[in-house]
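Here is the structure we will look at.
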Amino acid sequence: MEKIIGGIKRDCYPLTDAQMLHMYTMTFSPTHEIVNMGTGRYLQMELNQAALREALNRAVERCESMRLRLWKEPETGQVWQYVMPYENQYFEYYDFSSWSMDKVNKVMDGWTSQPFETFGGPLSRIVIVSMPDGYNGYYMNMHHMAMDASSIVTFTRDVMDIYCYLMYDHPYPKPMTSYIEAVKQDLKYQEGSKKKERDVAYWKEQFARPEPIYTDFTGPGRLQTQRREFSKPDMRAARLASMDAAGATIRYELDVDSTMKLVDFCEEHGFPVSVLLLHGLRTVLSKFNNNEKDICIKDFISRRSTVLAKKCGGVRMHCMTLRTVIEPDDTVLEAMKKIDNAQNDLFRHSDYGPMPFYIHQQNAYGLDRGFGYESVGFTYQPATLKSIVPYLKGIPYTSHWYSSGRQPQPLYLTAMHRPGDGGLDFHFGYMSELATPKEIEFLYYYLGRILFRSIENPNSTIQEIMDMV
């Protein structure tokens with residue numbers, strides 16, 4: 001729809017379901033940096049600053065969502081989005097090479113905690129940096145309404161491909177796809193389609209099941225406390241909201257050999273790595289909550305199965321409840337099969353959208369706003385840079401995700417492979433009000449024990465695995 005913004009006609013589009021979730025988060029958060037995503041991409045080599053600056057500019061020009069703007073219509077309050085024409089940018093440069101890494105990380109956490117001007121301003125900031133130990137690259141802070149983790153990885157790949165074209169005559173990368181075309185497809189779904197009818201029917205059937213139960217990553221104490229607080233001894237949902245959303249991130253690194261044991265096990269038995277990680281996570285929650293069989297995890301789905309979706313940028317991630325009921329006498333392989341089936345169902349019907357999903361859930365079980373059944377959110381990011389640009393193979397590479405100091409949910413685990421060596425990193429983002437670093441460490445310890453006892457004893461029962469750890 002054409003709108004006049006600042007005296008200029010713009011082609012504007014409504015927000016997608018994925019964006020509406022972040023708009024909801026901002027609406028009920030005291031500060032908007034809660035939707036910031038700060039990342040750093042660094043190679044241990046000298047980089048030509050002029051070529052890197054040119055590569056970044058070309059990548060921004062090729063990616064529509066990097067030029068996205070949001071506009072709130074004064075008369076109605078409705079939020080629209082549009083893409084600005086490309087303009088060349090001169091990205092700032094900072095030399096941190098003589099600093100300690102802890103000091104650099106504090107600076108970049110500080111950058112990440114600076115909110116964007118959500119309506120009308122740019123939704124990204126890129127800074128070229130020199131880091132300690134000979135690493136060089138760039139820091140990027142993104143507004144989650146414009147990009148998600150998958151798009152950031154894709155954007156990074158484009159930057160590096162273009163840089164290698166400029167410096168080493170590497171073939172020029174294929175074009176990115178159109179973010180606006182992807183938005184149009186999502187809006188067609190929202191307006192009604194056969195696919196949406198099937199998804200509505202599926203979720204209607206799911207919400208006809210008996211009410212789930214909240215299982216906390218610290219044990220049953222939080223639900224029991226809230227039952228007393230609200231004088232509802234049979235309450236099965238818990239209040240998840242925090243008043244200030246203050247939070248932090250803790251990262252744990254799994255070594256390469258251990259990572260490959262997990263990956264090889266999944267390949268041998270035909271399961272995605274995400275299914276094994278979800279098995280470990282839900283088994284921990286079960287063990288911590290009196291061996292509860294009915295476990296809910298907030299699963300984040302990237303929705304990038306088509307060529308258009310993979311390379312369009314933007315935010316396409318939807319999150320919904322992955323609910324699995326695993327019997328104690330199910331074997332590890334039987335449990336993983338149930339999780340795999342449940343996740344495939346979730347993927348097939350994930351276009352339904354997180355906001356319609358949670359409204360449907362609230363209506364089905366009589367939930368008040370801010371209540372739910374999942375203490376943990378989960379996503380798995382398999383992509384690495386090492387397999388992307390042949391000219392950079394063998395060069396040490398590192399990436400870093402910085403904290404904005406805010407978290408929108410009690411605990412969010414992102415498992416992703418390190419681009420340098422392929423080992424797994426576990427990023428735990430948590431609300432300071434609802435978790436402590438010691439509790440996160442305890443959770444990670446048990447997650448590791450359950451994962452490795454499971455791949456060593458795939459025909460053992462879930463009860464036997466929990467007894468081993």
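- Residues Glu211 and Leu367 are in side-chain contact: their nearest non-hydrogen atoms beyond the backbone lie under 4.5 Å apart.
- Between Thr25 and His144, the closest side-chain pair of non-hydrogen atoms is not below 4.5 Å.
- Considering CD1 of Ile326 and CG of Asn291, their distance stands at 13.5 Å, rounded to 0.5 Å.
- The two atoms that bring Leu68 and Ala146 nearest to each other are CD2-CA, 4.0 Å, heavy atoms only.
- Across Ile180 and Glu64, no two heavy atoms sit closer than the pair N-OE1, 3.0 Å.
- Ion pairing of Arg227 with Glu229 is absent here, as no side-chain N (NZ or NE/NH1/NH2) approaches a carboxylate O to less than 4.0 Å.
- Contact record, Trp80 with Pro14: CE3-N, 3.7 Å, taken as the closest heavy-atom pair.
- In this structure Asp95 satisfies the salt bridge (charged side-chain N to carboxylate O under 4.0 Å, His left out) test with no other residue, sequence neighbours excluded.
- Partners of Arg304 by side-chain hydrogen bond (donor to acceptor under 3.5 Å, both in side chains), not counting sequence neighbours, listed by chain and number: Asp148, Ser151.
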side-chain contact (heavy atoms from CB on, under 4.5 Å) for Ile250 and Tyr430? Distances and angles first, verdict last.
CA-CA 8 Å; Ile250 296 176; Tyr430 64 96; 3.8 Å; yes
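- Between Tyr365 and Tyr373, the ring-plane angle classifies as perpendicular under the 30° and 60° cut-offs.
- Contact annotation: the side chain of Asn141 never approaches that of Thr39 to less than 4.5 Å [non-hydrogen atoms, C-beta and beyond].
- Judged as a side-chain hydrogen bond (donor to acceptor under 3.5 Å, both in side chains), and not counting sequence neighbours, the contacts of Tyr189 are Asp199.
- In terms of heavy atoms, Leu21 sits closest to Cys319 at CD2-SG, 3.4 Å.
- Residues Thr414 and Phe300 form no side-chain contact, since every pair of their non-hydrogen atoms from C-beta on lies 4.5 Å or further apart.
- Donor-acceptor pairing under 3.5 Å is recorded for the side chains of Tyr86 and Asn57.
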Do Tyr445 and Tyr252 pass the ring pair (Phe, Tyr, Trp, His ring centres under 6.0 Å) test, and can you show the C-alpha distance, the side-chain angles, and the key distance before you say yes or no?
CA-CA 10 Å; Tyr445 170 78; Tyr252 296 99; over 10 Å; no
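- Separation of the Tyr444 and Phe217 ring centroids does not fall under the 6.0 Å cut-off.
- The shortest side-chain heavy-atom distance between Thr225 and Arg222 does not fall under the 4.5 Å cut-off.
- For the residue pair Met320 and Gly353, the shortest heavy atom distance occurs at CE-N, 3.3 Å.
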Can I get a per-line list of side-chain donor-acceptor pairs under 3.5 Å for residues 267-275, giving both atom names and the distance, sequence neighbours left out?
from	atom 1	to	atom 2	distance (Å)
Ser274	OG	Gln343	OE1	3.2

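- Residues satisfying the side-chain hydrogen bond (donor to acceptor under 3.5 Å, both in side chains) test with Arg406, not counting sequence neighbours, are Thr31, Glu33.
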Would you please test Phe371 and Met235 for side-chain contact (heavy atoms from CB on, under 4.5 Å) and show each step?
CA-CA 11 Å; Phe371 282 72; Met235 187 171 72; 4.2 Å; yes
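- Atom NZ of Lys338 has more than 12 heavy atoms from other residues, nucleotides or ligands within 6.0 Å.
- In this structure, His427 and Tyr412 have side chains that are not in contact, with every pair of non-hydrogen atoms separated by 4.5 Å or more.
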Test Arg303 against Asp17 for salt bridge (charged side-chain N to carboxylate O under 4.0 Å, His left out), laying out the working first.
CA-CA 12 Å; Arg303 298 173 58 247; Asp17 278 334; over 6 Å; no
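- With sequence neighbours left out, the side-chain hydrogen bond (donor to acceptor under 3.5 Å, both in side chains) criterion links Asp340 to no other residue.
- Applying the ring pair (Phe, Tyr, Trp, His ring centres under 6.0 Å) criterion to Phe442, with sequence neighbours excluded, gives Phe288, Tyr446.
- For Ala182, the side chain to side chain contact (heavy atoms under 4.5 Å, CB included) partners two or more places apart in sequence, or in a different chain, are Leu308, Cys312, Arg316.
- Ser432 approaches Ala248 most closely through the heavy-atom pair OG-N, 4.3 Å.
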Would you sort out whether Leu70 and Leu15 count as a side-chain contact (heavy atoms from CB on, under 4.5 Å), showing the intermediate values?
CA-CA 9 Å; Leu70 303 175; Leu15 300 182; 4.0 Å; yes
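- Between Arg69 and Pro122, the closest side-chain pair of non-hydrogen atoms falls below 4.5 Å.
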Going through the checks in order, is the salt bridge (charged side-chain N to carboxylate O under 4.0 Å, His left out) test met by Asp421 and Arg418?
CA-CA 6 Å; Asp421 60 16; Arg418 293 187 296 276; 3.0 Å; yes
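- Side-chain contact annotation: Asp161 with Tyr163, donor-acceptor N/O pair under 3.5 Å absent.
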One pair to check against side chain to side chain donor-acceptor pair (under 3.5 Å): Tyr93 and Ser130. What are the steps and the verdict?
CA-CA 8 Å; Tyr93 168 72; Ser130 292; 2.7 Å; yes
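- Within 6.0 Å of the CE atom in Met355, the count of heavy atoms belonging to other residues, nucleotides or ligands exceeds 12.
- Take Lys106 and apply the side chain to side chain contact (heavy atoms under 4.5 Å, CB included) test, not counting sequence neighbours, and it matches no residue.
- Contact check for Phe116 versus Met145: no side-chain heavy atoms found under the 4.5 Å cut-off.
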Apply ring pair (Phe, Tyr, Trp, His ring centres under 6.0 Å) to Tyr380 and His417, showing your working.
CA-CA 9 Å; Tyr380 170 65; His417 291 276; 5.6 Å; yes
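- You'll find the ring centres of Tyr139 and Tyr94 outside the 6.0 Å limit.
- Remark: the His279 side chain and the Ser454 side chain contain an N/O donor-acceptor pair separated by less than 3.5 Å.
- Listed by chain and number, the residues in a side chain to side chain contact (heavy atoms under 4.5 Å, CB included) with Glu292 are Ile213, Thr215, Asn289, Asp294, Ile295 (sequence neighbours excluded).
- Aromatic pair Tyr402/Trp111: centroids not less than 6.0 angstrom apart.
- Inspection of the Thr112 and Asn36 side chains reveals no N or O donor paired with an N or O acceptor under 3.5 Å.
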Should Asp216 and Leu434 be marked as a side-chain contact (heavy atoms from CB on, under 4.5 Å) after you check the CA-CA gap, both sets of side-chain angles, and the distance that decides it?
CA-CA 10 Å; Asp216 194 80; Leu434 301 179; over 6 Å; no
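- Side-chain polar atoms of Asp102 and Ser100 form no donor-acceptor pair below 3.5 angstrom.
- For Thr398, the side chain to side chain contact (heavy atoms under 4.5 Å, CB included) partners are Tyr42, Tyr135, not counting sequence neighbours.
- For Glu61, there are no salt bridge (charged side-chain N to carboxylate O under 4.0 Å, His left out) partners, not counting sequence neighbours.
- The residue from Arg62, Arg58, Met160 that alone fulfils the side-chain contact (heavy atoms from CB on, under 4.5 Å) condition with Pro173 is Arg62.
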